[in-house]
Amino acid sequence: MVPATPRDVVHIRVGSFLLVFLFAFTVLGIITKAWVLAGIAVVLAIATVVDITLAVKRQKNRGDNGEAG
């Protein structure tokens, strides 16, 4: 097991929660042809995925001494 820092856990959990809403805003923007709303949601979703990926990488690089807690 790799130790998980609270910061990484928050980034992953809040990011995944945010992705659900960004997906909904993207679909809503496409359906209503509000391209600016859809574009902003897509850009924010990409930024969120990058943030989650970096948090997972930070977690994997922390191969210190067992589990956190």
Side-chain angles (χ1 to χ4, degrees):
M1 286 296 242
V2 182
T5 62
R7 185 179 110 191
D8 292 335
V9 172
V10 168
H11 278 262
I12 294 167
R13 295 221 178 183
V14 171
S16 61
F17 186 72
L18 186 61
L19 280 176
V20 173
F21 289 104
L22 290 173
F23 177 76
F25 279 119
T26 303
V27 171
L28 183 65
I30 291 171
I31 289 173
T32 61
K33 295 184 181 171
W35 304 118
V36 174
L37 175 67
I40 291 171
V42 166
V43 169
L44 288 175
I46 291 170
T48 304
V49 168
V50 169
D51 183 51
I52 291 173
T53 304
L54 290 175
V56 169
K57 276 189 176 182
R58 274 193 308 264
Q59 229 177 347
K60 285 183 181 179
N61 289 337
R62 299 180 77 76
D64 318 347
N65 55 1
E67 294 184 21

[X] side, atom [atom1]; [Y] side, atom [atom2] - distance, nearest 0.5 Å:
| X | Y | atom1 | atom2 | value |
| --- | --- | --- | --- | --- |
| Ile12 | Thr48 | CD1 | OG1 | 13.0 Å |
| Arg58 | Arg7 | CZ | CZ | 4.0 Å |
| Leu37 | Thr26 | CG | OG1 | 7.5 Å |
| Asp8 | Lys60 | CG | NZ | 12.5 Å |
| Leu22 | Leu28 | CG | CG | 12.5 Å |

Verify same cluster id: [X], [Y] (apolar side-chain graph, 4.5 Å):
| X | Y | answer |
| --- | --- | --- |
| Ile52 | Val49 | yes |
| Val36 | Leu44 | yes |
| Leu19 | Ile40 | no |

